Amino acid sequence: MTTPFERIALIGIGLIGSSLARVVRRDGLARSIVAAARSRATLDKVVELGLADTVTDDLAEAVRGADLVVIATPLGAYRAVVQALAPALAPGTIVTDVGSVKACAIADVAPHLPAGVHFVPGHPVAGTEHSGPEAGFDTLFRNRWCILTPEPGTDPAAVERVAALWRAAGSTIEIMDARHHDQILAITSHLPHVIAYTIVGTVTDLEQATQREVIKFAASGFRDFTRIAASDPVMWRDVFLNNREAVLAMLQRFTEDLTQLQRAIRWGDGETLERWFMRTRAVRRGIIDAGQA
Ligand code: NAP
């Protein structure tokens, strides 16, 4: 059997990049892996963990001779990263990414790529609240969706090669328009993060004695929010800066619903509360039935 890729360059090797490196290593999906990051500490960690054959902080050097380039940095770094590596890309190279917002990824990457380079934007819908190369693991993408958002006219063979990589990682592929992706993710992922960041932030403003009690009795619900609110600050800053419109639209609807619940609580409207909670319980059951719990 031929190896799917000769040389994969991972630009950014944190949670997502290193998890993919582990899959590529495990299944022999490339003859060699190059990992690029900014800091010496990250590159040393990659060497120590044996995640790549070569490490470098020079992005042009990283992509030279690569047939697949995976951008796995926070979204805010994309423009600078692509400008640095683009001159070293050979025609025929496939560039993909893993960013959580897709319209901005296309806007920041596509215009800088030389002719003949294929761009297949991607988003593995999988993650944890941890960061860095030591946080990755090879089963992160198993039984998860990977959404690809190629622009019309993208070479189907390039899309299929990227899809095959994610299928090897255990993911199921969905292809959709970038804007549609950003709207869906605004409700399923970005809004829950705003809510978690808000609740945990509110608690940190409470007086010290109450804070201690909150930590002590966290298991009663607060704990789940703290896990989400511990997610990477830079990555999530970039998600909100780059999916502004869709997140604000969802927040508007959310605040209207919150006001409705607030009203039901204030006026002792148990019927509304119970009806509401029955509807939301059905959503949870649907997620369990879909195997996404
Ligand atoms: P991470 O663990 O913080 O890793 C980020 C990596 O990018 C690090 O290796 C970092 O290197 C490198 N980097 C940052 N700025 C750079 C620059 N200017 N030049 C070169 N390398 C740079 O992040 P992550 O969680 O893997 O997230 C990466 C991407 O995946 C993001 O776009 C995010 O939206 C997406 N994503 C994340 C999740 C999740 O749950 N975490 C899920 C799906 C998709 P240094 O360590 O040297 O700074």
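Since the structure is predicted, the reported quantities are computational estimates derived from the model, not experimental observations. Just follow the structure's listing: the first ligand is 1, and inside any ligand the first atom is 1.
- Given atom 1 (P) of ligand 1, the protein heavy atom at minimum distance is G14 CA, 3.8 Å.
- In terms of protein heavy atoms, atom 10 (C) of ligand 1 is closest to A37 CB, 4.6 Å.
- Checked by atom type, the side-chain pair R22/S18 shows a donor-acceptor distance below 3.5 Å.
- The heavy-atom pair separating A84 from L59 by the smallest distance is CB-CD1, 4.1 Å.
- Protein heavy atom closest to atom 20 (C) of ligand 1, with residue, atom name and distance, is R38 CG, 3.7 Å.
- Listed by atom number, the atoms of ligand 1 under 4.0 Å from A77 heavy atoms are 15 (N), 18 (N).
- Ligand-side atoms of ligand 1 in range of I13: 6 (C), 8 (C), 9 (O), range being under 4.0 angstrom from any heavy atom.
- Checked by atom type and distance alone, the side chain of E174 never pairs as donor or acceptor with a backbone atom of I147 at under 3.5 Å.
- Heavy-atom contacts from other residues, nucleotides or ligands closer than 6.0 Å to CZ of R253 number 12 or fewer.
- No heavy atom of D238 sits closer than 4.0 Å to any atom of ligand 1.
- Heavy-atom proximity to T42, at under 4.0 Å, picks out these atoms of ligand 1: 9 (O), 45 (P), 46 (O), 47 (O).
- The contact set between ligand 1 and G132, taken as ligand atoms under 4.0 Å from a residue heavy atom, comprises 2 (O).
- Backbone and side-chain nitrogen or oxygen atoms of H130 are examined, and none is located within less than 3.5 angstrom of a nitrogen or oxygen of ligand 1.
- With respect to atom 25 (O) of ligand 1, the closest heavy atom belonging to the protein is L15 CB, 3.8 Å.
- Remark: ligand 1 atoms within the under-4.0 Å shell around heavy atoms of S39 are 45 (P), 46 (O), 47 (O).
- Proximity of a side-chain donor or acceptor of T210 to a complementary backbone N or O of L206 within less than 3.5 Å is not detected.
- Under 4.0 angstrom from ligand 1, the non-hydrogen atoms of M235 all belong to its side chain.
- Closest protein heavy atom to atom 40 (O) of ligand 1: G127 CA, 3.2 Å.
- For atom 28 (C) of ligand 1, the closest non-hydrogen atom on the protein side is A72 O, 3.3 Å.
- Scanning all protein heavy atoms for the shortest distance to atom 36 (N) of ligand 1 gives S100 OG, 3.4 Å.
- Listed for the K102 side chain is a donor-acceptor partner under 3.5 Å among the backbone atoms of G122.
- Proximity to L75 (heavy-atom distance under 4.0 Å) selects the following atoms of ligand 1: 32 (O).
- A heavy-atom distance below 4.5 Å is not found between the side chains of V125 and F141.
- Crowding of R79 atom CZ: a count of heavy atoms from other residues, nucleotides or ligands under 6.0 Å not exceeding 12.
- Contact between A126 and ligand 1 is present, with at least one heavy atom of the residue lying under 4.0 Å from the ligand.
- For A80, the closest heavy-atom approach to ligand 1 does not fall below 4.0 Å.
- Under a 4.0 Å criterion applied to the non-hydrogen atoms of G12, ligand 1 contributes the atoms 6 (C), 7 (O), 9 (O), 12 (C).
- Side-chain atoms of Q260 and E256 include no donor-acceptor pair closer than 3.5 Å.
- The side chain of V81, and not its backbone, has at least one atom closer than 4.0 Å to an atom of ligand 1 (non-hydrogen atoms only; side chain from C-beta on).
- Protein heavy atom nearest atom 14 (C) of ligand 1, with residue, atom name and distance: P74 CD, 3.5 Å.
- When all heavy atoms of A86 and H112 are compared, the closest pair comes out as CB-O, 3.3 Å.
- Between I16 and ligand 1, a contact under 3.5 Å exists for at least one N or O pair.
- Proximity annotation for atom 32 (O) of ligand 1: of V98, T73, L43, T73 comes nearest, heavy atoms only.
- Inclusion of V239 in the set of residues having an N or O under 3.5 Å from an N or O of ligand 1 is not warranted.
- With hydrogens and angles disregarded, no donor-acceptor distance shorter than 3.5 Å links the side chain of T93 to the backbone of L89.
- In this structure, atom 44 (C) of ligand 1 has a protein heavy-atom contact shorter than 4.0 Å.
- A donor-acceptor pair under 3.5 Å is formed between the side chain of D238 and the backbone N or O of G76.
- Side-chain contact between T56 and L43 is absent, with no heavy-atom pair separated by less than 4.5 Å.
- On a distance-only criterion, S131 and ligand 1 share no N/O pair closer than 3.5 Å.
- Heavy-atom contacts of P124 reach the following atoms of ligand 1: 43 (C) (cutoff under 4.0 Å).
- In summary, the aromatic rings of H190 and W236 are positioned with their centroids under 6.0 Å apart.
- Close N/O approach between H123 and ligand 1 is not found [any backbone or side-chain N/O within under 3.5 Å].
- Put simply, CD on E129 and OG1 on T226 are 8.5 Å apart, with the number rounded to the nearest 0.5 Å.
- Inter-residue side-chain proximity for E151 and F119 is flagged as unmet; no heavy-atom pair is nearer than 4.5 Å.
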